[in-house]
Each structure stands twice: as structure tokens, then as C-alpha cells.
Amino acid sequence: MLADRMKTLAPSPTLAMQAKARAMRAQGIDVISFGAGEPDFDTPARIKTAAIRAIETGQTKYTEVGGIPEVRAAVCQKLKRDHGLEYSPDEVTVSCGAKHTLYNIMMALVNPGDEVLIPSPYWVSYPEQVRLLGGVPVPVVTQEATGFDLDPAALRRAVTPRTKMVILDSPGNPTGAVFSPEALAAVAKLAVERDLWIVSDECYESLTYEGRHVSIASLSSEVKARTIVVNTCSKAYAMTGWRIGYAAGPRPVIRAMTDVQSQVTSNPTSIAQWAAVEALGGPQDEVAKMAGEFDRRRRVIIEALNAIPGVTCVKPKAALYLFPRLDPKVYPIKDDQKFILELLETEKVLVVQGSGFNWIHPDHIRVVFLPNADDLTEAIGRIARFLENYRKHHGTN
Ligand SMILES: Cc1ncc(COP(=O)(O)O)c(C=O)c1O
């Protein structure tokens with residue numbers, strides 16, 4: 001039968017919901033999706049052209065496992081340009097999306113029994129990847145009152161002699177939080193003191209609307225020496241399907257990750273790598289344009305959600321997500337999975353349940369602010385109608 005590790009593996013709840021919505025659409029049902037964190041823009045033309053050129057010039061063979069020299073050089077330039085971080089190409093490895101990059105890191109660093117601290121609510125894949133390797137994910141709760149900022153005191157309390165690593169997802173999914181400079185400085189201090197690895201997932205950095213994203217690796221050379229910076233072309237360049245993620249970090253870790261990759265996938269797609277060279281190294285104006293449009297949608301949707309009775313929404317500083325709270329007195333939700341399925345079935349609007357991100361209170365949902373303006377107004381109208389009916393049938397207020 002199946003391996004023991006499969007007993008604890010939870011499939012991605014976000015992908016499961018997306019599959020359900022896709023099946024409904026295939027039946028001709030008009031579903032509005034607030035589910036997947038996938039920019040709705042097309043990949044910019046200059047990037048597509050680079051990929052076409054790669055095909056036409058025969059760049060269609062195996063490449064270096066961790067990426068062609070050009071793509072690793074482009075990553076180095078990007079990290080220098082955006083964060084003043086100096087890496088050499090042998091401190092960079094490129095893989096099939098950041099999800100794959102993260103898994104390579106876990107393979108390279110996590111031993112069975114090692115504890116990995118993960119600020120919660122968190123992106124669904126971190127704990128599953130840790131568990132697959134016999135590690136122990138340790139959630140460290142953040143507070144809505146602080147905009148889900150990292151709580152350094154809680155993090156410190158969670159450290160044990162088995163703690164190996166802390167994963168930072170900032171700007172974060174599912175809350176859109178950007179960890180404050182004070183919190184980052186405190187984590188950096190803790191990591192140095194307790195000899196911890198820091199994995200800094202910066203996939204949403206280009207979609208920062210308020211404040212500035214700081215890469216923790218840029219705080220000092222001591223911190224950089226224990227940090228693996230992870231990023232992707234998926235979100236910044238609307239390239240989710242191309243599958244290009246990358247990491248920069250200390251040479252032995254990067255080498256180990258690349259060795260793992262050499263036995264599992266070999267190189268990421270050669271054509272996508274050439275597209276990534278153009279994405280990372282070319283003019284960056286579309287990134288700001290996309291971010292500007294997402295920011296506009298963010299403002300519209302926060303206002304619309306906050307106008308619904310019993311709904312409050314912390315303003316996310318970045319990323320593509322809102323994590324609104326539905327007052328349990330108004331909406332007494334016992335099973336949030338059932339609740340969102342009901343919303344999908346009655347109003348054909350897809351959101352994801354808060355518990356899918358390890359949020360223990362069944363009173364939050366994750367909403368992606370992706371649909372364009374018309375869909376947005378229509379979708380919020382549908383959510384409001386659903387909540388009003390829910391309140392009438394279940395609520396006390
Ligand atoms: C926080 C976070 N990290 C990493 C990823 C992975 O992105 P990709 O594998 O497309 O590069 C995602 C995707 O949704 C994410 O939300």
C-alpha cells in the first residue's frame with residue numbers, strides 16, 4: 001500500500017477548491033473565483049518573444065541542472081538591483097517554481113525530528129513539505145490586531161534545541177502582511193543566537209503597495225550567511241505556468257539543493273529559463289503597472305467588504321490576498337469548509353476557508369483580489385447576499 005508519509009499529507013486546499021470551480025465552469029456555470037493567487041494579466045510580450053526566440057534558436061536541450069549561466073547571472077543582478085545583495089552565480093539555483101525551490105531546501109536541510117517555525121496563518125505547502133521529510137512544522141501564531149505582523153516574542157518562545165529553521169513569508173499569503181523592520185531585526189538576532197536557518201520567501205515582493213519590502217538577508221553579512229532567499233517569476237511577471245523559481249544562499253546549501261534537483265527533475269524548462277532571463281533583466285515597467293492595478297482593486301474590495309455588516313478586513317500591505325473576519329456573533333460558522341462550499345454552490349463565488357491556512361478560528365476567509373472591476377462588484381454583491389441570508393438563517397444579530 002501507500003507509503004506511511006502519505007498518511008499525513010494534506011492536498012493543497014486552494015488547488016482543491018480551484019479544481020471544483022473549474023469543474024463547475026466546464027458545466028457552463030458562471031463561477032467568480034477569488035481562489036487562486038494567480039495574476040490575471042498575460043505574460044508581457046517581451047518575455048514571450050524571448051521564449052519564442054529560444055525555441056527558434058534551438059535552446060531546447062538539457063541545460064545545467066541549476067539553470068543556465070545567463071539566468072543565474074540575471075538573478076544575481078536582480079538581487080543586487082532590488083536589495084543591494086551580492087551573490088555570485090554559484091550561490092544561485094533555479095528550479096521549477098518556488099514551490100519546487102522550497103522543497104529542495106527542505107530536502108537539503110531538514111532531518112527527521114527537526115522543528116521548523118512557521119508564522120501562522122501560513123501558505124499551505126510549508127508544513128506539508130516539512131512533514132514529508134519527517135520534520136515537525138511548528139506554527140507560531142500572529143495577531144490580527146498587529147496586521148498579522150510577525151511576533152518575535154512568540155517566535156523566541158517556540159525555539160527548542162530541535163529548532164532548525166524559520167520560514168518567513170513576507171509579503172505573505174494569506175494575509176498580505178509585510179513583516180515590520182523591527183520584527184525582521186528580532187528574527188535575525190534570534191537566528192544568529194540560536195544558530196537557525198532562515199528561509200525568506202519573497203515571492204510577492206513586487207506586489208507591495210504600502211511600505212517597503214526588506215529582504216532579511218540584507219540586514220548583515222552574518223544574517224545573509226544563514227538565509228536562503230527564495231523568489232519566483234510567477235507573480236511579478238504573470239508567469240505562473242512557466243514554472244521558474246529560484247534561490248540564493250550559502251554555496252553548500254545551494255549545491256545540495258542542486259544535487260537534489262539533479263536526481264529529481266534535472267533543469268527547469270530551457271525555454272522558460274530564457275524567458276526568465278528577459279523577465280528579470282529587462283525593463284521592469286509592467287511590474288509596476290500590474291501592481292498599480294492590483295492596488296486599485298485592493299482598495300475597492302476592502303471598502304466593499306468592510307461595508308458588509310459583521311465583516312472586518314485588515315488592510316493588506318502587499319500580495320494578492322485579503323483575510324477578512326466574519327464576526328462569529330453575526331455569522332456563527334462552525335465548519336468553514338462547509339461554509340465556503342455553500343457560498344460556492346449558492347452564489348457561485350469561490351473563496352478559501354481560513355482553516356486551510358492553519359487559522360484555528362472558523363471565522364476568516366481568504367479572498368484574492370484578482371477579478372477585474374466588473375467581476376469584483378458583481379462578486380462582492382453575491383458575497384453580501386449570501387452573508388445576509390446566512391445571518392437570517394443562523395445569526396443572532
Ligand atoms: C507564499 C508562496 N510561496 C511560493 C509560492 C509558489 O509559487 P511558484 O511555485 O509558482 O513559483 C506561492 C504560490 O502561490 C506562494 O503563495
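Indexing begins at 1, ligand by ligand and atom by atom, following the structure's order. Both backbone and side-chain heavy atoms feed into the values below; hydrogens, waters and symmetry mates do not.
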Under 3.5 Å, is there a donor on one side chain and an acceptor on the other for Thr93 and Gln261?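 No - no donor-acceptor pair under 3.5 Å links their side chains.
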By number and element, which atoms of ligand 1 are closer than 4.0 Å to a non-hydrogen atom of [X]?
| X | result |
| --- | --- |
| Thr232 | 8 (P), 11 (O) |
| Lys99 | 6 (C), 9 (O) |
| Gly97 | 9 (O), 11 (O) |

Considering only protein heavy atoms, which is closest to [atom], and at what distance to one decimal place?
| atom | answer |
| --- | --- |
| atom 12 (C) of ligand 1 | Trp123 CZ2, 3.4 Å |
| atom 16 (O) of ligand 1 | Tyr204 OH, 2.6 Å |
| atom 9 (O) of ligand 1 | Arg243 NH2, 2.8 Å |

Examine Ala98 against ligand 1 and note whether any of their N/O atoms are separated by less than 3.5 Å.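 Yes: some nitrogen or oxygen of Ala98 is under 3.5 Å from one in ligand 1.
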Using a 3.5 Å cut-off on N or O atoms only, is Asp169 in polar contact with ligand 1?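 For ligand 1, there is no N or O atom that lies under 3.5 Å from one belonging to Asp169.
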Ligand 1 contacted by Asp201 (non-hydrogen, < 4.0 Å):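 It does, in that a heavy atom of Asp201 comes within the 4.0 Å cut-off of ligand 1.
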Picking from Lys348, Arg25, Arg382, what satisfies salt bridge (charged side-chain N to carboxylate O under 4.0 Å, His left out) with Asp30?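 Exactly one candidate clears the test, Arg382.
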Is the NZ or CZ atom of Lys315 positioned over Tyr209's six-membered ring, under 6.0 angstrom from the centre and within 45° of the axis?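 The answer is no; the distance or angle limit is not met.
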Check whether any side-chain heavy atom of Ile118 lies under 4.5 Å from a side-chain heavy atom of Pro127, and answer yes or no.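 Answer yes - side chains close enough.
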Close side-chain approach of Trp359 to Phe323, heavy-atom, < 4.5 Å: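 Result yes, sub-4.5 Å side-chain heavy-atom pair found.
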Closest candidate by heavy atom, reference atom 13 (C) of ligand 1, pool His100, Lys235, Glu202: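 The nearest heavy atom belongs to Lys235.
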With the threshold set at 4.0 Å, does a side-chain nitrogen-carboxylate oxygen contact exist between Glu286 and Lys289?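 Looking at Lys289 together with Glu286, the answer is no, because their closest N to O distance does not fall below 4.0 Å.
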As a test of understanding, state which of Phe369, Tyr204, Phe34 forms a ring-ring contact (aromatic ring centres under 6.0 Å, His included) with Tyr321.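 Looking at Phe369, Tyr204, Phe34, the match for Tyr321 under the ring-ring contact (aromatic ring centres under 6.0 Å, His included) is Tyr204.
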Relative to ligand 1, is Tyr126 under 4.0 angstrom through side chain, backbone, both or neither, heavy atoms considered?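 Answer for Tyr126: side chain.
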Side chain, backbone, both or neither: which applies to Cys203 and ligand 1 if a contact is any heavy-atom pair less than 4.0 Å apart?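 Just the side chain.
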Hey, is CD on Glu193 packed in by over 12 heavy atoms from elsewhere, all under 6.0 Å?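 It does: Glu193 CD has more than 12 such atoms within range.
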